[in-house]
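Report on the following structure.
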Amino acid sequence: MEQNTERKKVIFSAIQPSGTITLGNYLGALKNWTAMQDEFNCIFALADLHTITVRQEPAKFRHNILEAYALLLACGVDLDKSIFFMQSHVHTHAELAWILNCYTQFGELSRMTQFKDKSAKHADNINAGLFTYPALMAADILLYQADLVPVGADQKQHLELTRNIAERFNGLYSPTFVVPDPYIPKNGARVMSLQDPSRKMSKSDENANSYVALLDKPEDILRKFKRAVTDSEASVHYAEGKDGVNNLMGIYSSITGRTFEQIEQEFAGKGYGDFKTAVGEAVVEHLRPIQERYADYIKNKDYLQQCYRDSAEKALAISIRTLRKVMKKIGYVQ
Ligand code: TYM
């Protein structure tokens, strides 16, 4: 009998605990993470080493890390199926990142739009980590020989660089890394700010009305959607130039599973008030069970600790195999 030797595909993804997790993170990435757990071998991380490329206040940072860990469990990351650890607990990440830095070109890093955006935003702290950040991200992914990386559209350029680094290393030595593909959702890949729909929704935005945090209170979520910037046309349909409405339609579609045509029919002849209320209510109802589960997890610090310690051990056991292979190929004495 022919044996099925095909290995289960490996998924890797991570999120920075740099502030409160938003609906953009959820629709762009997290919703896919949890949906992929049955079919794939999933490895997820809190990218807490990445986070210090921007200055963090220690007590707040510690709080954000634990909050993010509990919240991701509440979103459905299931430790019976997946591994979910903190990047800073698994030393192979920083080690491979150093090595990959030496296989990444200055010119490549200079072209990263996130570097350009963040250095404009934090002009007083354009540190080397901010610049070499994509090499650490490549290390995260390549350590686990990931086939697919579920991310929002803003991470596509970093994924392309990861592929280039992997191919370069494989070409210089011999096949070492799986070259990963991005996995970007059709809908929700780029959730925009509710206040300025030409910019992406971001957890580091100073204006809290521009984003919906997964842990926002229902009344705040409803208010933020009611205040969302739209246009003066008062007609719910998807069209170029209607960035605010397009964004709300994308969110509504992603949450309810309805197509844009169905949404247009649902709100035919109705104004933006009804539409914004419906989007707000759908989001509130979707987040309600997540918020309830979060409240339970965050109370149980011992359980959380057991989870992230177990996962870190498993992550180290997998990733160290890749790191050793890489070091051997480069010529380090074993
Ligand atoms: P981060 O923490 O900025 O975002 C986490 C995930 O959320 C997605 N995302 C969005 N999706 C749709 N609309 C938005 N407005 C939006 N904002 C954020 C991001 O695309 C991402 O998938 N560098 C990464 C973290 C990272 C990582 C990795 C990701 C570190 N190592 C390895 C994948 C693989 C970051 O800062 O994501």
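Just so you know, ligand 1 is whichever comes first in the structure, and atom 1 is the first atom listed for that ligand.
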A student comparing Ile251, Val151, Val191, Leu142 should find that the heavy atom closest to atom 13 (N) of ligand 1 comes from Val191

Q.
Please report whether ligand 1 has a polar contact with Gly152, defined as an N or O pair separated by less than 3.5 Å (distance criterion only).
A. yes

Numbered in order shown, the ligand 1 atoms found under 4.0 Å of a heavy atom of Ala189 are 11 (N), 12 (C), 13 (N)

Within 4.0 Å of some non-hydrogen atom of Ala47, the atoms of ligand 1 are 30 (C)

Residues Tyr144 and Val10: closest non-hydrogen pair is O-CG1, 3.5 Å

Contact region, Ala29 to ligand 1, non-hydrogen atoms below 4.0 Å, reads side chain

query = Does NZ or CZ of Lys314 lie under 6.0 Å from the centre of the six-membered ring of Phe85, at an angle within 45° of the ring axis?
reply = no

The answer for which part of His158 has a heavy atom under 4.0 Å from ligand 1 is neither

among protein heavy atoms, the one nearest atom 37 (O) of ligand 1 is Gln155 NE2, 3.7 Å

In this structure, atom 11 (N) of ligand 1 is nearest to the protein heavy atom Gly24 O, 3.1 Å

The atoms of ligand 1 lying under 4.0 Å from a heavy atom of Ile15, numbered in the order shown, are 2 (O), 5 (C)

- Please indicate whether any nitrogen or oxygen in Gln114 is less than 3.5 Å from any nitrogen or oxygen in ligand 1. no

Below 4.0 angstrom, N of the basic side chain to O of the carboxylate: do Glu160 and Arg163 qualify?
no

Is the distance between the ring centroids of Tyr308 and Phe84 less than 6.0 Å?
-> no

May I have the step-by-step check of side chain to side chain donor-acceptor pair (under 3.5 Å) for Glu266 and Tyr252, ending in yes or no?
CA-CA 12 Å; Glu266 188 180 341; Tyr252 194 59; 2.9 Å; yes

In terms of heavy-atom contacts, does NZ of Lys328 have more than 12 from other residues, nucleotides or ligands at under 6.0 Å?
no

Would you mind reporting whether Leu72 and Phe44 have side-chain heavy atoms less than 4.5 Å apart? no

Atom 25 (C) of ligand 1: closest protein heavy atom, distance to 0.1 Å, is Ala14 O, 3.5 Å

For Val149, the ligand 1 atoms with a heavy-atom partner under 4.0 Å come out as 33 (C), 34 (C)

Q) Going by atom types alone, do Asp231 and Tyr272 pair a side-chain donor with an acceptor below 3.5 Å? A) yes

For Phe12, the ligand 1 atoms with a heavy-atom partner under 4.0 Å come out as 32 (C), 34 (C)

So for Gln16 against ligand 1, with non-hydrogen atoms under 4.0 Å, the contacting part is both

Using distance alone, determine whether Asp140 and ligand 1 share an N or O pair under 3.5 Å.
yes

Here the atoms of ligand 1 under 4.0 Å from any heavy atom belonging to Gly188 are 12 (C)

Can you find a side-chain donor-acceptor pair between Asn127 and Asn125 that sits under 3.5 Å?
yes

closest protein heavy atom to atom 28 (C) of ligand 1 is Met137 CG, 3.4 Å

Going by the 4.0 angstrom heavy-atom rule, the piece of Ile141 near ligand 1 is side chain

among protein heavy atoms, the one nearest atom 18 (C) of ligand 1 is Asn25 ND2, 3.1 Å

| Is there any N or O on Tyr133 that sits under 3.5 Å from an N or O of ligand 1? | yes

- Flag side-chain contact, heavy atom, 4.5 Å: Lys81 against Cys42: no

Among Met201, Arg199, His93, Lys203, closest by heavy atom to atom 17 (N) of ligand 1 is Met201

query = Salt bridge between Arg293 and Asp296, side-chain N to carboxylate O under 4.0 Å?
reply = no

for atom 20 (O) of ligand 1, nearest protein heavy atom and its distance come out as Asp154 OD1, 2.4 Å

Taking the six-membered ring for Trp, are His158 and Tyr133 ring centroids under 6.0 Å apart? yes

Check: Does Thr162 reach the side chain of Val149, with side-chain heavy atoms less than 4.5 Å apart?
Finding: no

